[in-house]
Amino acid sequence: MNVARARRHVAHLTTTWGHPHSAGDAALLASELCTNALLHGCLRDRLFRVETSVIGNALRVAVTDPRGERLPYPQTSTHDDQFGRGLLIVRTLAARWAVEKLTVGKTVWAELDIAGP
């Protein structure tokens, strides 16, 4: 999956599941998490995986990549930096986010609080 396709798919699922007001934020979370996985977590011929789910009153976007030894961490960036703001965006939008180390790789997830059905 590529970043643009993941972004569109997450927005579509969010809308289909009855939360169109959260589709833009969910798509942005997917975009940032996928971009981080692509830039920092992928290996040759091993792609990233995106999972979207509703857990209680939260919409979760989870991205898994094969590089468990490269854990994400928020960076400080200057006004002129082109990169380094992805996790800041995730931390700003998401109610919660975390990293889960796997036997092979890692999953980075973020949750948006959504209204109940």
Side-chain angles (χ1 to χ4, degrees):
M1 182 170 285
N2 65 44
V3 175
R5 185 173 176 202
R7 182 182 175 99
R8 284 191 307 270
H9 187 66
V10 168
H12 174 75
L13 285 176
T14 304
T15 300
T16 300
W17 292 340
H19 305 286
H21 56 281
S22 297
D25 287 347
L28 184 54
L29 285 177
S31 181
E32 294 302 328
L33 294 177
C34 290
T35 298
N36 280 349
L38 187 63
L39 292 175
H40 307 294
C42 289
L43 298 169
R44 185 182 178 112
D45 299 326
R46 303 269 319 266
L47 303 177
F48 59 88
R49 181 179 71 231
V50 181
E51 296 177 82
T52 309
S53 58
V54 174
I55 302 169
N57 287 336
L59 182 121
R60 177 179 283 201
V61 178
V63 177
T64 302
D65 69 60
R67 304 266 322 253
E69 73 279 6
R70 296 195 67 186
L71 300 178
Y73 61 93
Q75 299 178 18
T76 51
S77 57
T78 67
H79 178 70
D80 296 329
D81 289 341
Q82 291 183 336
F83 300 99
R85 293 180 182 85
L87 286 179
L88 176 61
I89 293 169
V90 170
R91 288 183 356 194
T92 301
L93 287 177
R96 292 159 298 286
W97 76 280
V99 180
E100 296 176 6
K101 293 181 84 172
L102 306 172
T103 303
V104 175
K106 67 181 172 297
T107 298
V108 182
W109 58 263
E111 291 180 346
L112 292 172
D113 288 334
I114 54 175

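Distance check: Leu59 CG to Glu111 CD gives 8.5 Å after rounding to the nearest 0.5 Å. Between Leu93 atom CG and Leu88 atom CG the span is 9.5 Å, to the nearest 0.5 Å. Between Lys106 atom NZ and Thr103 atom OG1 the span is 14.5 Å, to the nearest 0.5 Å.
The two atoms that bring Pro20 and Thr15 nearest to each other are CA-OG1, 3.9 Å, heavy atoms only. Heavy-atom minimum distance, Ser22 versus Leu112: O-CD1, 3.9 Å. When every heavy atom of Ala26 is checked against every heavy atom of Val61, the shortest pair comes out as O-CG2, 4.2 Å. Across Ile114 and Ala58, no two heavy atoms sit closer than the pair CG1-N, 3.9 Å. The two atoms that bring Ser31 and Arg7 nearest to each other are CB-NH1, 3.3 Å, heavy atoms only. Smallest separation of non-hydrogen atoms from Ala11 and Ala23: O-CB, 3.7 Å.
Inter-residue side-chain proximity for Leu29 and Val90 is flagged as met; some heavy-atom pair is nearer than 4.5 Å.
Each of Asn36, Val108, Val63 was checked for a side-chain contact (heavy atoms from CB on, under 4.5 Å) with Phe48, and the lone residue meeting it is Val63.
In this structure, Arg8 has no side chain to side chain donor-acceptor pair (under 3.5 Å) partners at least two apart in sequence or on a different chain. When the side chain to side chain donor-acceptor pair (under 3.5 Å) test is applied to Trp109, the partners found at least two apart in sequence or on another chain are Glu100.
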For this session: Begin with the C-alpha distance, continue with both residues' side-chain angles, and end with the deciding distance and a verdict on side-chain contact (heavy atoms from CB on, under 4.5 Å) for Trp97 and Leu33.
Result: CA-CA 11 Å; Trp97 76 280; Leu33 294 177; 5.8 Å; no
